[in-house]
Structure formats: structure tokens, C-alpha cells
Amino acid sequence: MHQNNKNNNADRNNLLSEQTRLLFNAFPVMNILEPVCALVIVWLYWKPYSQLSLIGWGAMVGGMVFLRLVASQLFHNLSQDMVRPDSWRWVALLLIALSGGVFGYASVTFNPAETLMSPELLPSQAVFAALIIGLLVVAMTTYAIYLPAVAAYLLCAVLPGALNIALSDTGNTTMLAVLLVIFVLFLLLAASGMHSSVMEALRLQFKNLALIDYLDRARGDAESLNEKLTREIFERKQARQHLQEANDRLETTVMERTRALEEANHTMSATSQRLQLALDASNIGLWDWNLQSSDTYHSNFDRLLGYEKNRFSGFLNDLEQLAHPDDWPRVKRAMVAHFKGRTPRYHVVYRLRHANGDWRWIEDEGRVVEWNNEGRAVRMIGTRRDITDGKEAEDQLRLAATVFENASEAILIFDTAFRFLAVNDCFTRIAGYAEDEVQGRTMKEVSPAGESNTSLYSEVARTVHREGFWQGELTERRKNGESYPVWMQLSAVYDDNGQITHYVGMFTDLTARKEAEEKVQFLSNYDRLTGLANRTMFREKLHKSMALARLNRERVALVCLDLDRFRPINDSLGHEIGDRLLRATAERLLAIGIEQSSFARVGGDEFNLVIDNYRSSSELEELCQEIINAMRKPFNINGHELLLGVSIGISVFPDNAKEAQTLINQADLAVHQAKRMGGNNYQFYRGDMRAASVEQLALETSLRKAIFKNEFVVYYQPKIDAVTRRIQGAEALVRWQHPTMGLLPPKDFIPLAEETGLISAISEWVLERACRQAAQWCNNGLEIQMSVNLSAHQFRKGDISQIVDRVLQNTGLPARLLELELTESLIMEDLDKNIEILAGLRTRGLGLSLDDFGTGYSSLSYLKRFPVDTLKIDRSFIEELHISPDDAAITQAIIQMAHSLSMHVVAEGVEEEAQLKILQDMGCDSIQGYLISRPVPEADFLELVRQQHPASATNKVL
């Protein structure tokens, strides 16, 4: 019964699917016929009625055709599993009803009651009625597969006109309306008959298809059974033939062995003494087993297995007790096979327990030397030797061969003259050379780049011969001539006498990594619109200039330019004009002598200029005035004469600031001051621009007290796995619970804390509080990796390692559950020293994350030197990821590069599902942002965890 129900449901679903498909297949006919009729109607009523109304109605007809086309395309593009017949049938029914309604609307709109049967419009109305009747007949035939569709079309197309006729004041129209209704009823009756016929034909078609399918399966089963039977007959014949051949070979072998044994018996007495001496001198034991009496003779077994001779009582009993349980069945099978004559000799390799408890690999070899009249074995003699060392060496060789062939890096083996002896498959995939193409040849002879690398090869050979090892980067050429970079490691192999016997090399193809670095370098360093350096490259230039100035005790001036009146122009004339205006601005500024390498576009209408070796303010004032004068000249863009101004702010290192970000902030303040003064002027940063007001002084005083009053609180923002969307970590973010101003975000007090030097104390407090919280969760069974931001002040003090050790010891948090986040610019302040500090932190087992990647100083060539585990993509690349191809390309390149360096990738600032979907497709590992959750207090964070992990450990924490 259950199977019949399933079959009935399947048949019904198939019938519904076919019915829905036929409905959508009927759309093309109506898509052609309805527009043609609509054109005729528009032509008929073009003069008597409003042309705008006719055009609008024609657009409605076109819109319905478009909707049917879109619906048909979507329906046919969906896979069979995704199609829901009921839902799509309702869609088709709705579209059909709307189509009929459009023509019903036309019958009322273009034929008002007062104009019906008027002599002037009677021809047009007659043609109109003929067209509608034709459409009804065609709709009845095309939609007959689904009776509600026919009814919907007829009623929606005719009912408005019938009502319009019936409600008119003209006396002779009532009968016309009745006739129209009767006509529709007859059409419905005809459609019902057609529907029944079509459905019956459709059911018969499905039954025929099912019968054909059943017959095909039956025929396939019969053919398969016949083939299987034929194969079994053939296999039996072959087995019988092989068995006869084996018996013949066995008889021959037994006869030959028997003759050999007879000859050996004659010479045994003469050689027994020499045999005993040889056995004593070797690591081989001799055994002689009498199967009838179970007496066994053993020699040298005390040396082989460490047992005394009286330990052995019976051959089989001793084997069963001492053999490894996994090997004992194999020993019995080998012995039985020999006793039954299936093997010419007894040979087996197995493990025996040594007297000291170790398992030793043993090789037994022997044969029956005496049989009784019944053909049963009476006496068996053999040898036993310890092959443990050889077995272990064999396993090592097998393992080494497996590693050699399946390694993800190219492996090369050379002789002492650096000629190829062997290469693995990875070398063939990378270089294009098969093993037989390189054997016996040197690298110089194989590689097309050999001539240019001759001196380098010689130097490498001397180094590895002298020191035993060399590693470095080489540029080689594939078989097809394509050059590619590799990272090569070459080691010498020595024999027992300390002589070099071989050289083993390994190399990795750096092509993908180099391409990713170059792509990220280009996309992240240049402005697509103006060709100038972008914000990233500007910051790198500024950091380099400041570092050089520190060494040479020089000054650097930062000049920030903000265009006046650009935004109104961009908003009124459009972005295309705005973009051309920005390009023209950049060209004009470069034309007055500004060095392009020091000039950057850092924002919409913002440009920055770095002046190295700044000496005199008068020279800089002249340059600023020249920029202002240049910008006063009008720009002619697409016939528009556009006037711009420029506000300039200047900050000087080290006079005004010693940090890059502070220098930028001060220059921005100077720009704002210039704008407040009316624009088209320049301002040097002065202390009074950031002079602490009464409120700022009060805020600083409160900030100093807040540390002692315990007014800071830690909020936690979750990080989730990009694939599973489950919480795997949290970032600790500080908030200030001000007694009068309420909860303050970091932007309201962190800059002040950095200026006053309180940032170190606050950062240490946050580190201790976050670790204590994570330790509490861990003790309750919830392991969440806690991420804490480090400040530049903590690194400059040089005691960050001691602080971390003390906090971990005091809180009891496992180091693996702590991750420290730091920026590129922080590492680059003192590169070698900071890398050493970070390496020391990493040895403690905690994680290191590079925050705001893509916005700092670091050159990508330095990235591989940073001892970090995680790369956090800055939110500036994520904000417009789903609408900006440039941001998407940069993000993709960063993820690929990080994965090539075995780094975990976190995208921060994810606020929309579209961004998350793109990041998942790019292979990003983890996600952080408002889409998941804002930073929340501990209780709210635990609630988020509980919603994803309703396990007992989480409930215990909660």
C-alpha cells in the first residue's frame, strides 16, 4: 500500500510538472499574437483617443510579454529538483490572468459605454471584438492543458467589457452583453472538453513512458544476467585449467626436490661439521622438528631470541606462544600449504617475542624431509634468522620512496659531479622535464637558463661542497622556455667515512607567490583615476621619509591639499566630469614641478605631498602659493569652465609630531583651519589648533582617574568561521563608562590616552581583564581564543614579553587561547628588534595577528619575515567589496598571498550578506563585523555563544 501511494504521488508530481511545462511552452504563441493584436488596436484607435493612453496600454502589453519571457527563462533554467510545479503553476496562472486583464482593460477604456455601436466607431469596435474573440479562441486552445488558466484568461478579458456593455444606457446593448457571456460559457465548455482530452492523452503518454522504461530495465537485467552467467562459465574453465597446471608443476617440483634431498643425504655427514661451524658464526638458527614425537632440535636460538634451550618444548606450541597474534594465522597457513604440497618449501616472515619483551622480525625457511606411507609429513628441517634490521631498513626505504614521489616540492638527487640521478613527479610538473630527460645531465645542460646561471651554479657547488648546505632563490626556465623563480635548498650526503656520495636538492616554485605579491603591490599602491600613489603608498613613503629623517637628523614636511568647491561640481555635473576634473588637477599640480613619487591622492578630493629634507618655511610658502595660483586658473571640462580652490595644511616632523598618524592628523587640522579661513590659503600646524580646552583638560583628568576608579569595561566582538559561521574567537575592545558622559567608545579617549602616555596602562589593563575572562570561560569548558590589541607605546617600552608572561601566569590562561594584534607600522618602527620580540612571543605558544593589513607601511617583501599567524584585512577594502572591482581584486590577492604563506585570514568590517558571500567564495577563513555582532558585554557575548553551541559546557558557563 505504501509503495502504491509513493507511485501515485510520483505520477501526480510528474503530471503536474508536465502540465506546468506545457503552460510555459504555450507562452511564445501568446507573446507573438498579443503584441500583434495590440498594434492593430493602437492603430484603430490612434486618432479617436488619447495617443498617450494608447502608448501606455501598449507598454502594459509589452510588459506582460517581458514578464512571461522572464518567467519562462527562469523556469527552464531551474534544475528538475528545484522546480516546484504547484508554485510555478500559480505563477503561470497569475501571468495569464494579468494578460487577459490587460485586454479587458482595453475593452473598457477604448470603448466607453456612450460610444458603443456609434456609427463612427462601429468598424473599429467590430475589428476590436474580432481580435478579442480570436485571442480568446487561441487562449482556449493553448491553455487547455490547465482549465483554470483558460477560465482566468476568458473572464479577465471578457468580464470588464461585458459589464461595460451591460451598464451602458443604450437599450440594445444588454442583449449584446448576454450574448457575449453565453459565448464565453460555450468557450469554457469547449475548453473543458479539450482539457479532458489533453489530460487523458498526457496520462496515456506517461503510462507509455513508464512501460517503455520498465521494458528497458527488464531487458538490461536480462542482458546483465546473461553476461554474468557467461563470465562465470569462462572463469570456471580457466580455474580448472590453472588447477591442472598447478598440479603438474607441483608434481614436477616434488620429484626434483626429492632427488635433491636424496643427494644431500649422501653428502650431509661430510658437511655437518662445516655446517655447524657456519651456523655458529652466523646469525642463523637451525631447527629439526619430528612431527610424530613433537621432539624439536634448536641451535643458536639463545642468541636469536635470548631464551635458554630448555625453554623450547614443542615446535607448534612454542610458535603459538611466542608469535605475534596478528602473524600466527599466517604462519599456520604457510605450514599447512607446505604440508599439503601446495608450496615447494615452508617460508614465512613473522614476529617473535624476544626474551627482553621486544618483537623481532624472523624469517623461517624449511621443508619436509620425510613422509610416511600415508603421505603425511614426519620430519621437517629448516632455518630461522633475525631480519629485524633489514625489515626496518626496508620500511624506511619504502617510506622515503613514498615521501619522494608524493612530496609537494620538487626533489632532485645528484651524484658528486652534480649530474641528475633521480627526480620526483613534482619536479616534472614544475619544470616540464621527465626523469629520463635529465638523468646523467647537469643543471646547466638541462635548463635553458643554465648559461646565464653558470657562475651562480659554480658558487652554489663550492658552498655546498664546503659547508654541506646551501639555500637561496634562483631563476630557472621550464622546458617550454618560460622563466620561473624557485627557492632551492641543497644538502650534501656523506658516507661512513665522511665522504660526499650524493647531493639532495629541494625547490619550491615561487611563481604564484611572486605574482600575488606583484598584483597586491600594484593594486594597493596606485590610484586608478590619476595614476598617483594612493593612501597605502603615501603612508609607506611618509614612513620611509620619517625613518630616513630620524637617521640623518633632518625634517620632513607633510602638505595636505583639499580642493575647495569640488563636491558641488561633482554632485551637479556628475561623477564623470568630477573624475576628469581630478585628473586635470593632478596633471596641473605635477606640471608646476611637484615630484610624482612624493605626491599622492589619498581621498576623493584630497592630495598629500611629502617634502623631504625640509629646511626653510619660506621655500614651502612659495610652493604653496604656487599651488594656490595654479588652482585659481579655470578648468575647461566638456565645455564647462570650472573654478576650484585649494586649502592647504602643513605639519612638520619632528617639530610638530614624531608619529606618522599624528603628523597626518595635525596636517588635517591645519587644512580645516585653512577652510575655516575661507579656503585658497595655507596654514602651518600650530599648538593652539589642538590646545586642550577646558573640556579636554577635564577629560584628561577624568581619564587618569578612570584607571584607578575601574571605570573601564571590556566589550567582546565575536569572530566566526567563514564556512560554518560558528564563533571561534573574540576581540577584546575597551569602553569607558564615564560617570557623567555615559559609555564612551575608543575614538573619544584613545587618542588622548596616546598623547598623555596613559595608553600603556589602559592596554595592560585590557590585556589582563580579557585574559582573566578567557581563562574563566576555559575553566568552565568553553575555549574561545581572545584577541587583544597592542599599542606602539608598549613596544617602545620594551617590556611587552614580561607583561604577557606575567598576565598569563596570573590568570592561568593557556597561551594558545591568546592572540595579540599589532599593526604593520608598529613592526616597522624598529624592524629587526620588533621581529625578535615577536618571535619570542610566538615561542610561548600564543598567536600573532597583523591588523589593518593593506593600510600600513610594510612592503610586501617584508611580510614573509613577520612571525605572524593571522592577517586581518582592513575594513577599508571590505566596505565596498561588493560594489568595487578594485577592492575585490585587492582582497582576493591578499587572501591568496596570505594562504601561500600559510597564514590565517580574517576580514573585519563585514556588515552585509553580499560581502560575506564574496569572502566565502574567495576562501577567507574568518569574519568579523556588525553583520555578526557589534562589540557586546560578556553576558551578551555568552548569549551569542549559547545560541550557536547549546552544549553542556556552554550552559555551564551561562
Side-chain angles (χ1 to χ4, degrees), residues 235-276 278-279 282 284-302 304-305 307-353 361-387:
E235 290 176 352
R236 287 184 180 182
K237 289 182 179 179
Q238 276 194 326
R240 188 180 298 110
Q241 182 180 356
H242 291 164
L243 182 60
Q244 184 62 42
E245 293 175 355
N247 287 334
D248 295 342
R249 288 195 300 270
L250 180 59
E251 290 177 359
T252 303
T253 303
V254 170
M255 293 176 61
E256 292 176 353
R257 293 289 179 151
T258 301
R259 286 195 298 270
L261 284 174
E262 291 175 352
E263 294 175 359
N265 287 333
H266 292 298
T267 60
M268 185 178 296
S269 58
T271 59
S272 60
Q273 185 176 5
R274 290 195 298 271
L275 176 61
Q276 185 62 44
L279 291 173
S282 66
I284 298 177
L286 176 68
W287 51 266
D288 186 348
W289 178 26
N290 189 315
L291 279 74
Q292 291 182 332
S293 64
S294 297
D295 293 337
T296 306
Y297 167 77
H298 295 282
S299 68
N300 286 344
F301 275 31
D302 53 344
L304 282 175
L305 299 173
Y307 297 107
E308 298 294 335
K309 290 185 178 181
N310 56 11
R311 168 66 177 79
F312 301 100
S313 57
F315 192 86
L316 279 179
N317 184 51
D318 294 336
L319 278 180
E320 186 174 4
Q321 293 180 6
L322 298 179
H324 194 283
D326 294 340
D327 299 341
W328 172 239
R330 184 166 65 252
V331 175
K332 288 195 299 183
R333 286 196 300 270
M335 194 173 295
V336 170
H338 179 57
F339 288 162
K340 292 185 176 182
R342 292 198 294 266
T343 58
R345 59 192 178 93
Y346 162 68
H347 178 267
V348 65
V349 176
Y350 60 100
R351 287 165 288 181
L352 279 179
R353 186 185 299 278
W361 281 100
I362 301 298
E363 181 184 35
D364 267 9
E365 188 167 5
R367 65 188 178 91
V368 175
V369 296
E370 185 177 348
W371 305 82
N372 63 14
N373 295 332
E374 298 176 354
R376 295 182 177 274
V378 175
R379 184 181 180 190
M380 187 175 182
I381 295 178
T383 60
R384 181 172 293 161
R385 66 189 183 99
D386 188 343
I387 60 170

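Atom set for the values below is all heavy atoms of this structure, side chains included, hydrogens, waters and symmetry mates excluded. Quantities reported herein were computed from a predicted structural model and do not represent experimental measurements.
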*Mind running side-chain contact (heavy atoms from CB on, under 4.5 Å) on Ile381 and Trp289 for me, showing each step along the way?*
CA-CA 6 Å; Ile381 295 178; Trp289 178 26; over 6 Å; no

*Start with the C-alpha gap between Arg240 and Gln244, add the side-chain angles, then the distance that decides, and say whether side-chain contact (heavy atoms from CB on, under 4.5 Å) holds.*
CA-CA 6 Å; Arg240 188 180 298 110; Gln244 184 62 42; over 6 Å; no

*Please name the pair of heavy atoms, one in Val378 and one in Asn372, separated by the smallest distance, quoted to 0.1 Å.*
CG2-N, 3.4 Å

*asked:* Checking Tyr346 against Val331 for the side-chain contact (heavy atoms from CB on, under 4.5 Å) test, could you report, in this order, the C-alpha distance in whole Å, the side-chain angles of both residues, the deciding distance, and whether it holds?
replied: CA-CA 9 Å; Tyr346 162 68; Val331 175; 3.6 Å; yes

*Partners of Gln238 by side-chain contact (heavy atoms from CB on, under 4.5 Å), sequence neighbours excluded?*
Phe234, His242

_Taking side-chain contact (heavy atoms from CB on, under 4.5 Å) as the definition, give me every residue that meets it alongside Arg353, ordered by chain and number, with sequence neighbours left out._
Tyr307, Trp359

*By side-chain hydrogen bond (donor to acceptor under 3.5 Å, both in side chains), which residues pair with Glu374, not counting sequence neighbours?*
none

*Output every pair passing salt bridge (charged side-chain N to carboxylate O under 4.0 Å, His left out) with a member in residues 321-334, not counting sequence neighbours, ordered by first then second residue.*
Asp327-Arg330, Asp327-Arg351

*Approximate separation, where rounding is to 0.5 Å, of Trp328 CH2 and Tyr350 OH*: 9.0 Å

Just distance, no hydrogens or angles: give the donor-acceptor pairs under 3.5 Å from side chains in residues 334-345, sequence neighbours left out.
{"residue": "His338", "atom": "ND1", "partner": "Thr343", "partner atom": "O", "Å": "3.1"}
{"residue": "His338", "atom": "NE2", "partner": "Val368", "partner atom": "N", "Å": "2.8"}
{"residue": "Thr343", "atom": "OG1", "partner": "His338", "partner atom": "N", "Å": "3.4"}
{"residue": "Thr343", "atom": "OG1", "partner": "Arg345", "partner atom": "O", "Å": "3.2"}
{"residue": "Arg345", "atom": "NH1", "partner": "Glu365", "partner atom": "OE2", "Å": "2.1"}

*Under the side-chain contact (heavy atoms from CB on, under 4.5 Å) test, which residues partner Glu363, sequence neighbours left out?*
His347, Val349, Arg385, Ile387

*Name all residues meeting the salt bridge (Lys or Arg N to Asp or Glu O under 4.0 Å) criterion together with Arg379; count only those two or more places apart in sequence or in a different chain, and write none if there are none.*
Asp288

*Listed by chain and number, what are the side-chain hydrogen bond (donor to acceptor under 3.5 Å, both in side chains) partners of His324, not counting sequence neighbours?*
none

